[in-house]
Amino acid sequence: MHEWALAEAIIYTVTEIAEREQLKEVSRVDVKVGELQQVDLETIKFALAQLKRGKLKNTEFRIETIKARLKCRICEHAWNFDKNELDQEVAEAIHFVPEVAHSFIKCPKCGAQDFEFVEGRRMYIESVSGVR
Amino acid sequence: MLDPRIKAIEHRLSQVNNIIAVSSGKGGVGKSVIASILALILAKKGYKVGLIDLDFTSPSTHLILGVKELFPEEKEGIVPPTFENIKIMSIIYFSKDKTLSLRGQDFSDSFLEILAITKWGKLDYLILDMPPGINDATLDVIRYIRKVKFIIVTTSSILSLATAKKLIDALNILKIGIIGIIENMKSEHTHSVKDKLDKLETEFLGETSFDPELEKCFGNTQMLLKTKMAVEMEEIVNKILNVKVYE
Ligand SMILES: Nc1ncnc2c1ncn2[C@@H]1O[C@H](COP(=O)(O)OP(=O)(O)OP(=O)(O)O)[C@@H](O)[C@H]1O
Ligand SMILES: [Mg+2]
Ligand SMILES: [Zn+2]
């Protein structure tokens with residue numbers, strides 16, 4: 001996912017949570033991002049700083065990357081995602097839409113493209129805290 | 001664990017006035033051709049139009065229209081390239097036209113991801129080219145794009161019609177608007193499906209003929225717009241523009 005789109009998505013969602021939970025101010029947000037998304041942390045922090053306002057004005061965003069692990073559905077072999085093994089164009093495609101990994105990555109053991117992302121695929125908001 | 005993409009999609013589509021899914025029960029009835037021609041005609045009429053190919057594993061609209069060597073622009077998100085005045089989004093920008101096999105959850109994740117990053121801006125019409133059947137794509141569109149309305153394509157084949165009815169049922173149960181039905185591949189040998197629709201309370205939008213010349217015009221929008229099918233579509237589009245859909 002693109003960093004700016006990601007930052008906007010976080011802002012929209014946290015703003016809604018703040019409304020729903022009737023928070024006066026959001027103090028901290030914890031976000032986990034799958035390594036597969038290859039998010040540039042500096043860019044996303046910059047984007048978040050640009051976009052935060054209102055109840056999110058003073059929010060501290062903590063973003064943690066989760067290592068990506070893939071597992072073959074045919075032979076059950078599991079392996080770690082390594083961006084450095086991909087050429088740049090492919091890495092960029094996976095950055096935008098991680099599922100296209102199924103077009104470019106093969107199980108190193110049996111060659112199948114029917115694998116699952118065991119972890120490190122998605123981005124999610126783990127927690128939102130603030131004052132009521 | 002909250003998925004921020006869902007909220008993002010709502011915002012991304014907030015300036016899109018009409019979202020039309022071109023759908024069918026059976027495969028191969030002409031959805032992709034109809035979705036492409038529909039987008040072309042709407043754009044020609046001066047509407048702001050977007051087209052997204054949601055058949056991620058077998059995308060076709062880029063081949064029908066002749067979209068080549070285009071890539072979205074990165075601008076605080078992804079801006080789809082404009083081709084013949086249509087903003088076109090397809091997974092082929094990312095999968096590079098390589099084989100892509102996706103299971104259910106992977107489809108949903110690709111769907112959420114693409115819709116969450118794509119900046120359509122202001123659109124009068126966003127056309128969705130759907131894969132056939134009532135499966136992941138249909139369910140995700142209904143779940144995440146509540147304002148979507150469906151056009152159902154069928155041939156006169158009883159096999160196609162039977163599944164079209166199931167699709168209509170599914171949409172009615174979920175209270176999703178149906179603009180109407182288009183009968184494609186009409187020939188002198190086929191019976192019109194029009195008479196069989198009374199019970200379904202679904203608008204019949206019209207029919208498009210079987211056209212052996214159609215395939216030759218793929219990749220060339222000027223020629224495509226001159227095909228018999230496109231000429232017949234003009235009238236259907238006028239109907240689409242005027243149909244009132246219950247919500
Ligand atoms: N009116 C027509 N006359 C002749 N050929 C047609 C007509 N409509 C569609 N076709 C042809 O039928 C085939 C299927 O069309 P198309 O790909 O648009 O169907 P589809 O419903 O999108 O298929 P799928 O379910 O696989 O997505 C294509 O080869 C197309 O060229
Ligand atoms: Mg199709
Ligand atoms: Zn394997």
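Since the structure is predicted, the reported quantities are computational estimates derived from the model, not experimental observations. Heavy-atom basis, side chains included; hydrogens, waters and symmetry copies ignored. In what follows, chains are A, B, ... by sequence order, proteins preceding strands, each numbered from 1.
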Non-neighbouring partners of A/Glu16 that pass salt bridge (charged side-chain N to carboxylate O under 4.0 Å, His left out), sequence neighbours left out: A/Arg20, B/Lys7

Interchain contact, A/Glu116 with chain B, by part (heavy-atom threshold 4.5 Å): neither

Point-to-point distance, once rounded to the nearest 0.5 Å, from CZ of A/Phe115 to CG of B/Asp106: 8.0 Å

Whether over 12 other heavy atoms sit under 6.0 Å from B/Lys119 NZ: yes

Only distances under 3.5 Å count here; give the side-chain donor-acceptor pairs of residues 23-32 of chain A to other protein atoms, sequence neighbours excluded, each with its distance to 0.1 Å.
unit_1, atom_1, unit_2, atom_2, d
A/Lys24, NZ, A/Arg132, O, 2.7
A/Glu25, OE2, A/Asn58, ND2, 3.3
A/Ser27, OG, A/Ser129, O, 3.1
A/Arg28, NE, A/Asp30, OD2, 3.0
A/Arg28, NH2, A/Asp30, OD1, 3.2
A/Arg28, NH2, A/Asp30, OD2, 3.2
A/Asp30, OD2, A/Ser127, OG, 3.3
A/Lys32, NZ, A/Glu64, OE1, 2.7
A/Lys32, NZ, A/Glu126, OE1, 3.3

Other residues, nucleotides, ligands: >12 heavy atoms within 6.0 Å of A/Glu76 CD: no

Steps toward side-chain contact (heavy atoms from CB on, under 4.5 Å) verdict (A/Trp4, B/Glu74): CA-CA 10 Å; A/Trp4 274 87; B/Glu74 262 195 84; over 6 Å; no

Interchain contact, B/Glu10 with chain A, by part (heavy-atom threshold 4.5 Å): neither

Closest contact, heavy atoms only, A/Ala5 versus B/Ala116: CB-O, 4.0 Å

Whether A/Tyr12 and B/His11 hold their rings parallel, tilted or perpendicular, with breakpoints at 30° and 60°: parallel

Per-residue contacts, residues 80-90 of chain A versus chain B, heavy atoms under 4.5 Å: A/Glu89

Separation of B/Asp109 CG from A/Arg121 CZ (nearest 0.5 Å): 4.5 Å

Region of B/Phe71 that comes under 4.5 Å of a non-hydrogen atom in chain A: side chain

Heavy-atom closest pair, residues A/Tyr124 and B/Pro4: CA-CD, 4.2 Å

Pairwise side-chain contact, B/Lys96 with A/Ser103, heavy-atom cut-off 4.5 Å (strictly under): no

Heavy-atom proximity to chain A below 4.5 Å, by part of B/Leu100: both

From B/Phe111 atom CZ to A/Glu99 atom CD, the distance as rounded to the nearest 0.5 Å: 13.0 Å

Whether over 12 other heavy atoms sit under 6.0 Å from A/Lys52 NZ: yes

Side-chain heavy atoms of B/Arg103 within contact of A/Asp114, under 4.5 Å: yes

Any side-chain heavy-atom pair of A/Glu8 and B/Arg12 under 4.5 Å: yes

Reported NE2-to-CD distance for the pair A/His95 and B/Glu113, which is rounded to 0.5 angstrom: 9.5 Å

Neighbours of chain B found in residues 67-74 of chain A - heavy atoms under 4.5 Å: A/Arg73

A/Ile17 versus chain B, the contacting section by heavy-atom distance below 4.5 Å: side chain

Separation of A/Glu3 CD from B/Ile117 CD1 (nearest 0.5 Å): 11.0 Å

Residue B/Ser110 versus chain A: region with a heavy atom under 4.5 Å: both

